[in-house]
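Have a look at the structure below, then the notes.
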Amino acid sequence: MSETQTPVRVRFAPSPTGYLHLGGLRTALFNWLHARHTGGKFILRIEDTDQKRFNPESLEDLMTGLRWLGLEWDEGPDMGGPYGPYTQSERQAIYTEYAEQLIAAGYAYHCYCTAAELDAMREEQRAKGLAQGYDRRYRNLSVDEQAALQAEGRPSVIRLAAPLEGTTVVHDLIRGDIEVENSSILDPVLVKSDGMPTYHFAVVVDDHLMKITHVIRGEEWISSAPQHKLLYDAFGWQMPVLVHLPVILDPSGKGKMSKRKTVVAGKEYLALVHEFIEAGYLPEAMFNFLTNVGWNYDPEQEIFTREQAVERFDIRGINPTAAALPYSKLEWMNGMYIRELAPADLQQRLAPFLAKQLGLDEAELRQSERLAKLVPLVQERIKLLTEAWDKIDWAFIPANEIAYPDPTILISKGLDGTQTVAVLRTGVELLEEVEPFTAVALEALFRTAAEAAGIKVGSYFAPFRVAITGRTVSPPLFESMEVLGRDETLARVENAILALQSHIGEKV
RNA sequence: GCCCCCAUCGUCUAGAGGCCUAGGACACGGGCCUUUCAAGCCCGCGACAGGGGUUCGAAUCCCCUUGGGGGCACCA
């Protein structure tokens with residue numbers, strides 16, 4: 001059995017401080033893919049050790065985002081599991097115990113440095129042009145000195161006593177060995193003065209206790225990996241396999257994607273998962289899209305299913321190069337997925353968007369026969385679920401409410417106002433007599449009429465398009481007429497004639 | 001400033017020494033189809049950052065330069 005086929009335990013461990021963005025979602029996705037590919041477990045762990053930055057809303061947003069993409073987890077804060085709790089703030093006693101263990105073994109020590117003291121130290125380093133960082137000033141306190149400070153009631157943190165010499169090597173599955181001088185590891189804080197662990201300590205303890213086999217996380221963690229290694233070594237634990245995913249770049253290509261919207265050349269780019277949901281992206285498309293950034297399913301095949309991705313995903317094939325998301329490809333892909341949807345399915349997905357945009361009842365739209373007929377007409381014309389409304393809004397407006405604020409758009413190229421009125425009048429007759437009232441019959445009849453009038457079909461059809469939809473661009477004309485039915489179609493054409501007549505001043 | 005990571009079309013990628021006159025996709029340009037708009041189909045544009053090695057042979061291996069990115073908190 002190859003390595004990636006051995007069941008694994010991986011985790012997505014976000015900090016609930018803000019809304020989930022695409023970078024985080026991609027990290028979760030790759031973890032999930034690796035778990036599903038190997039038949040392993042995908043664990044959700046909440047890293048909320050910074051109480052100042054905790055934001056309960058973000059927890060909700062996070063889970064919603066993961067579920068939206070279909071990244072269900074096997075163990076997590078909401079469902080528990082064999083190695084819980086899965087929320088770090090509930091594991092404080094565990095960290096304290098392990099920290100004590102480290103102190104007892106000489107791998108960690110209490111540091112009584114105050115915030116003011118640290119500031120002064122950094123200020124001095126800056127002034128002298130020295131490298132900035134903790135200078136280990138409390139590392140070698142005598143027993144008496146330590147007791148005195150403790151008696152004084154001075155708060156302390158627990159720091160790692162990093163080796164002063166030598167190098168530490170960590171191995172990354174896709175990047176190879178990463179080597180750093182131990183002297184550059186400046187005794188990082190393990191436990192804060194409020195008793196909470198720092199990320200660096202909690203992540204090591206939890207990954208070990210939760211039996212995590214592969215740590216798949218963002219590239220921004222590479223530089224802290226060596227200090228994690230030191231902790232694993234101090235405890236005598238086996239370090240999980242490390243995989244540092246390339247960061248996702250800002251659409252401009254410079255800098256890590258942030259949670260703020262970025263604007264490039266006047267165009268606004270989304271970053272947060274909930275924004276993509278609201279913009280009408282399909283989770284299937286997002287899944288497909290994200291999977292192919294930093295990894296590649298098949299160089300000759302862009303579109304693939306979730307199952308195919310799970311089947312073929314190979315963590316060793318991850319590309320280490322940072323990438324900017326190709327947003328235009330996402331849009332294209334979303335359009336592809338929309339086109340492949342069963343119309344009834346698309347109707348259901350469109351309903352909530354249309355309800356909001358057109359001020360209609362969502363439940364009614366789900367059942368609406370009219371919408372069911374319109375869906376195939378817009379299906380190949382939209383890339384986002386939010387784009388349907390202004391292509392079909394006319395079908396939900398009563399005929400007598402269709403206004404033509406600018407009647408000149410009724411007049412098609414090559415015709416004048418009077419000729420256009422004449423065409424529309426002929427149309428009224430056709431609409432009255434056509435049988436059955438179907439797109440096929442209508443088109444045949446109107447084509448014949450256009451030919452008889454010696455007018456190009458494009459010019460002949462155009463006024464009807466505007467009469468019916470109020471727009472010069474619309475779904476196919478005769479299908480639209482069929483959706484409306486004879487009476488409504490006639491009413492609209494007659495309204496248009498009146499509007500145009502009053503515009504050109506012709507007597508009725 | 002110090003440490004670390006990375007380097008193929010505008011963007012996402014294929015490429016693990018000869019299959020590469022570097023393949024695919026999006027975007028872009030042109031054409032076909034066509035009742036508008038789309039969709040679809042066809043064609044085109046377009047890259048191995050630079051310099052040294054290694055080798056019979058390098059996009060692929062090594063080194064340097066350059067460029068980009070990440071990290072240097074009692075945030076994660």
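Note that the coordinates shown come from a computational prediction; the quantities given were computed from them, not determined experimentally.
For A:Thr321 and B:C6, a side-chain-to-base donor-acceptor distance below 3.5 Å is absent, hydrogens and geometry of angles not being considered.
Taking 4.0 angstrom as the limit, A:Lys192 places a side-chain polar atom (N or O) nearer than this to OP1 or OP2 of B:C75. For A:Arg217, no side-chain nitrogen or oxygen approaches OP1 or OP2 of B:A76 to under 4.0 Å. For B:U8, the OP1/OP2 oxygens have no side-chain nitrogen or oxygen of A:Asn319 closer than 4.0 Å. Checking the phosphate oxygens (OP1, OP2) of B:A76, no side-chain nitrogen or oxygen of A:Lys52 falls inside 4.0 Å. Not one side-chain nitrogen or oxygen of A:Lys383 sits closer than 4.0 Å to the OP1 or OP2 atom of B:A38. Residue A:Thr49 places at least one side-chain N or O under 4.0 Å from the OP1 or OP2 atom of B:A76.
In this structure, A:Pro475 reaches the bases: a heavy-atom distance under 4.0 Å links it to at least one base atom across the strands shown. Residue-level contact check: A:Arg175 touches the backbone only, with heavy atoms under 4.0 Å from sugar-phosphate atoms and none from bases. If you check every strand for non-hydrogen atoms under 4.0 Å, A:Arg471 touches nothing. Residue-level contact check: A:Pro476 touches the bases, meaning some heavy atom is under 4.0 Å from a base atom. As judged by a 4.0 angstrom heavy-atom cut-off over every strand, A:Met336 is placed among residues touching the sugar-phosphate backbone only. Within 4.0 Å (heavy atoms only), A:Gly294 reaches sugar-phosphate atoms of the nucleic acid but no base atom.
Only the C1' atoms considered, B:C32 is 14 Å distant from B:A39, to the nearest whole Å. Across B:G15 and B:C4, the matching C1' atoms stand 27 Å from one another, rounded to whole Å. A gap of 14 Å separates the P atoms of B:C37 and B:G30, to the nearest Å. For the C1' atoms, the distance from B:C62 to B:C43 is 42 Å, rounded to whole Å. A distance of about 10 Å separates the P atoms of B:U13 and B:U8, rounded to the whole Å. Only the P atoms considered, B:G51 is 15 Å distant from B:U66, to the nearest whole Å. B:U54 and B:G17: their C1' atoms are spaced 11 Å apart (whole Å). B:A27 and B:C45 have their C1' atoms separated by 12 Å, given to the nearest Å.
A cation-pi arrangement is not found for A:Arg45 relative to A:Tyr86, the charged atom failing to lie both closer than 6.0 Å to the ring centre and inside a 45° cone about the ring normal.
Aromatic rings of A:Tyr109 and A:Tyr138 (six-membered ring for Trp) have centroids beyond the 6.0 Å cut-off, not under it.
Of all nucleotides present, only B:G10 satisfies the Watson-Crick or G-U wobble test against B:C26, with each distance under 3.5 Å. Using N1 to N3 plus N6-O4 or O6-N4 for Watson-Crick, or N1-O2 and O6-N3 for G-U wobble, each under 3.5 Å, B:C45 pairs with nothing. Summarising the base pairing, B:C2 is matched to B:G71 through a Watson-Crick or G-U wobble pair whose two defining distances lie under 3.5 Å.
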